[in-house]
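Written out below as structure tokens is the structure these notes cover.
Heavy atoms only: backbone and side chains are in, while hydrogens, waters and symmetry mates are out. Since we're looking at a predicted model, the values are computed, not measured.
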Amino acid sequence: MSATQRQQPRPRPATLTAVVLLAAAEGAVLAAWGVWMLVMGLIGHPDRPAQAEAGGLTALALAVLPLLACAGLWKCRRWGRGPALIVQLMALPVAWTLFTAGGAMASGGIVLGVAAVAGLVLLMHPATTQALDESEAARASAASGDSGDSGDSGASGSRGRPGPSGKPGKPGRSGDPRRRDR
């Protein structure tokens with residue numbers, strides 16, 4: 001297939017862009033909170049400096065997960081959905097805890113809860129799923145040198161039976177010399 005015959009990639013849907021921005025914001029807030037806790041533990045006067053420093057390092061480590069999800073989803077990688085889902089699911093009990101604490105913490109809990117639910121909805125939205133699946137299929141097609149026109153990349157095994165890896169193999173090739181087709 002020539003370069004002129006290749007289909008142009010579809011634009012990133014708004015749902016995917018929104019979840020990328022949400023993950024980036026969550027990662028940035030966690031990183032900022034971690035830096036603040038670490039700095040206050042080092043130069044401030046906390047009751048327990050070691051606990052403040054450990055909390056800051058923990059928040060910095062937790063900031064990696066949404067930022068990793070952000071990077072994966074920005075590149076339309078299907079694996080980016082996993083870390084993003086984990087972040088949103090972890091945010092729900094934190095939001096509930098903040099909400100039940102009352103006072104100013106309750107408003108923070110509401111904001112976090114709304115962001116987590118919005119993230120889950122955006123991640124599971126059909127447009128997001130379709131964009132990630134199509135992007136993955138296009139990469140697999142390009143990697144295998146397949147033109148992508150057939151719809152089936154030849155992965156249906158010999159009469160649909162799975163090969164040694166549990167996945168259907170190519171017809172006439174089992175991949176295992178000990179296996180005999182009957």
Side-chain angles (χ1 to χ4, degrees), residues 1 3-40 54-144 146-153 155 167:
M1 175 183 285
T4 57
Q5 293 175 329
R6 288 190 183 136
Q7 293 180 355
Q8 294 296 321
R10 291 180 46 173
R12 182 179 292 113
T15 56
L16 187 56
T17 302
V19 80
V20 165
L21 294 174
L22 181 63
E26 290 169 339
V29 167
L30 267 171
W33 182 45
V35 168
W36 180 80
M37 285 183 67
L38 193 58
V39 168
M40 288 295 113
L57 290 174
T58 301
L60 284 172
L62 287 174
V64 171
L65 195 59
L67 295 174
L68 180 68
C70 176
L73 291 171
W74 181 254
K75 296 177 183 176
C76 291
R77 306 285 184 174
R78 197 167 39 187
W79 60 261
R81 181 186 287 180
L85 283 170
I86 291 169
V87 168
Q88 305 315 317
L89 292 173
M90 285 180 7
L92 289 173
V94 173
W96 179 254
T97 302
L98 290 173
F99 178 73
T100 58
M105 299 294 246
S107 59
I110 291 170
V111 169
L112 181 59
V114 167
V117 170
L120 288 169
V121 168
L122 290 168
L123 283 166
M124 303 312 286
H125 193 278
T128 302
T129 302
Q130 182 180 6
L132 294 174
D133 288 345
E134 287 176 358
S135 177
E136 191 74 22
R139 264 190 304 284
S141 176
S144 68
D146 188 15
S147 66
D149 298 345
S150 66
D152 183 16
S153 62
K167 297 178 182 176

Next on the checklist: Keeping T128 on the side-chain end and L123 on the backbone end, is there a donor-acceptor pair under 3.5 Å?
Outcome noted: no

Next on the checklist: Counting C-beta onward and ignoring hydrogens, is there a side-chain heavy-atom pair between M90 and L62 closer than 4.5 Å?
Outcome noted: yes

Checklist entry - Do R12 side-chain atoms and W74 backbone N/O form a donor-acceptor pair below 3.5 Å? => result yes

Checklist entry - Distance-only, no hydrogens or angles: does the S135 side chain make a donor-acceptor pair with backbone N or O of L132 under 3.5 Å? => result no

Next on the checklist: If I compare all heavy atoms of A63 with all of G27, which pair ends up nearest, and what's the gap?
Outcome noted: CB-O, 3.5 Å

Checklist outcome for this item: Heavy-atom closest pair (A116 atom, A91 atom, distance to 0.1 Å) is CB-CB, 3.8 Å

Item to check | Distance (rounded to the nearest 0.5 Å) between C76 SG and E134 CD | outcome: 10.0 Å

Checklist outcome for this item: To the nearest 0.5 Å, atom CE of M105 lies from atom CD1 of I110 at 13.0 Å

Checklist outcome for this item: Correct closest heavy-atom pair for L67 and A28 would be CD2-N, 4.3 Å

Item to check | Shortest non-hydrogen separation from G80 to A69 and the atoms involved | outcome: O-CB, 3.6 Å

Next on the checklist: Less than 4.5 Å apart, side chain to side chain, heavy atoms only: is that true for V117 and Q88?
Outcome noted: no

Next on the checklist: Could you measure the distance from the CG atom of L22 to the SG atom of C70? Nearest 0.5 Å is fine.
Outcome noted: 9.5 Å

Checklist outcome for this item: So CZ of R77 and CD of E136: to nearest 0.5 Å the spacing works out to 7.5 Å

Item to check | Pairwise side-chain contact, L92 with L120, heavy-atom cut-off 4.5 Å (strictly under) | outcome: yes

Checklist entry - When you measure from the side chain of S144 to the backbone N and O of A140, does any donor-acceptor pair fall under 3.5 Å? => result yes

Checklist entry - Which distance, rounded to the nearest 0.5 Å, do you find between the CG of L112 and the CZ of F99? => result 12.5 Å

Checklist entry - For the residue pair G119 and V19, what are the closest heavy atoms and their distance? => result O-CG2, 4.0 Å

Item to check | Closest contact, heavy atoms only, P66 versus L30 | outcome: CG-CD1, 4.2 Å

Checklist entry - How about L68 and W79: do any of their side-chain heavy atoms sit closer than 4.5 Å? => result yes

Checklist entry - Does atom CH2 of W96 have more than 12 heavy-atom neighbours, drawn from other residues, nucleotides or ligands, at distances under 6.0 Å? => result no

Next on the checklist: Side chains of T129 and R81 only: does a donor on one sit below 3.5 Å from an acceptor on the other?
Outcome noted: yes

Next on the checklist: Run the side chain to side chain contact (heavy atoms under 4.5 Å, CB included) test on E26 and L65 for me, step by step, so that the C-alpha distance in whole Å, both residues' side-chain angles and the decisive distance to 0.1 Å come before the verdict.
Outcome noted: CA-CA 10 Å; E26 290 169 339; L65 195 59; over 6 Å; no

Checklist entry - Would Q130 and D133 count as a side chain to side chain contact (heavy atoms under 4.5 Å, CB included) if you check the C-alpha gap in whole Å, the side-chain angles of each, and the deciding distance to 0.1 Å? => result CA-CA 5 Å; Q130 182 180 6; D133 288 345; 5.8 Å; no

